[in-house]
There are 2 protein chains.
Amino acid sequence: MDDIDRRIVRALSEDARQSYSEVGALVALSAPAVKRRVDRLRATGVIKGFTAIVDPAALGWTTESFVELFCTGRTTPAQLAEAVRRHPEVVEAYTVSGEADALVHIRAADIAHLEQVLERLRGEPFVTSSRSMIVLTRLVDSV
Amino acid sequence: MDDIDRRIVRALSEDARQSYSEVGALVALSAPAVKRRVDRLRATGVIKGFTAIVDPAALGWTTESFVELFCTGRTTPAQLAEAVRRHPEVVEAYTVSGEADALVHIRAADIAHLEQVLERLRGEPFVTSSRSMIVLTRLVDSV
DNA sequence: CCTGAAATCCGAACGTT
DNA sequence: AACGTTCGGATTTCAGG
């Protein structure tokens, strides 16, 4: 993991469908050399995969919210992970320090759908209460 | 935007570096037909780009937090967007309904770095106060 | 890490339904 | 309007140095 690797990662983050020779031109390496590095970066888990950036609105999942979950005393991260993964509307989830125990990012078709997801989440045995914020506008998104 | 388009989007979301003929095999189309559809999906903005999924820990940006911002009465989303975009550590930002006015996702090298970002954010003229949650573990991430 | 060759893939043009 | 086929040129991939 040297400086060339970091530049390769940056190049592929900007356009994952660039050819190896194009990346090679940016980092002053031949295409085969770039491929070997990318293969190694994937094998070591630095690069976990390549994906398309899709406009969620185009798919009709246009209502987003962040939900803070408050849980019972002994709830493990593993339990939480297992539970939230069952809900396909959950696109991100974290355990956090602060008032809440977990923060969950939800993407749903509309408010009715969102409400339904919230009810499912609040039905989880370890959830004692929740507080939600509905996303009004997306200001930045460079995850 | 028909069912074939949706399947192409799904295929490229799972592996953005697949060849057009591989995608074609999945959706029963020839490679040029797939390319034409992908070109159209990009032109219409359904697909905004392709990116590598990078393990942030591998890059050393290992401290994450979500910060709720409370702002002065007349703060426009445009103002907020302009301001948060100036901070490279901000990877997501939204205006939200609920107690806070905005929710900002920050990725920093360590706690010291995070504190520094927080101070910069709280120095913005329209920010009256903030409340932060530090991410402990990442449960789900399929943005 | 580079060079080179074979297989594959891309992109554009053309013809078809 | 959208798909399939075809063809020249580029790219990937696997040798060997």
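Reckoned from all heavy atoms, side chains included, excluding hydrogens, waters and symmetry mates.
Put simply, the residue from A/Leu103, A/Thr95, A/Val96 that forms a side-chain contact (heavy atoms from CB on, under 4.5 Å) with B/Val135 is A/Val96.
Taking atom CG of B/Asp2 as the reference point, atom P of D/dA1 lies 16 Å away to the nearest angstrom. Rounded to an integer number of Å, the gap from B/Leu29 CG to D/dG4 C1' is 9 Å. Remark: P of D/dA10 and CZ of A/Arg17 are 19 Å apart, rounded to the nearest angstrom. Summarising the geometry, the separation between CG on A/Asp39 and C1' on D/dC14 is reported as 12 Å, rounded to the nearest angstrom. The separation between A/Gln18 atom CD and C/dC10 atom P is 15 Å, rounded to whole Å.
Taking a cutoff of 4.0 Å between a charged side-chain nitrogen and a carboxylate oxygen, B/Glu14 and B/Arg10 do not qualify as a salt bridge.
For D/dC3, the OP1/OP2 oxygens have a side-chain nitrogen or oxygen of B/Arg37 closer than 4.0 Å. Side-chain nitrogen and oxygen atoms of B/Lys35 include none within less than 4.0 Å of the OP1 or OP2 phosphate oxygen of C/dC10. At C/dG11, none of the side-chain N or O atoms of B/Arg36 fall inside 4.0 Å of OP1 or OP2 (strictly under the cut-off).
When all heavy atoms of B/Ser132 and B/Leu118 are compared, the closest pair comes out as OG-CD1, 4.0 Å.
Under the 6.0 Å distance and 45° angle rule, A/Arg107 does not count as a cation-pi partner of B/Tyr94.
When each of B/Tyr20 and A/Ser30 is assigned the nucleotide of DNA chain C bearing its nearest heavy atom, the one mapping closer to the 5' terminus is A/Ser30.
Side-chain proximity of B/Ala33 to D/dT11, D/dA2, D/dG4: nearest is D/dG4.
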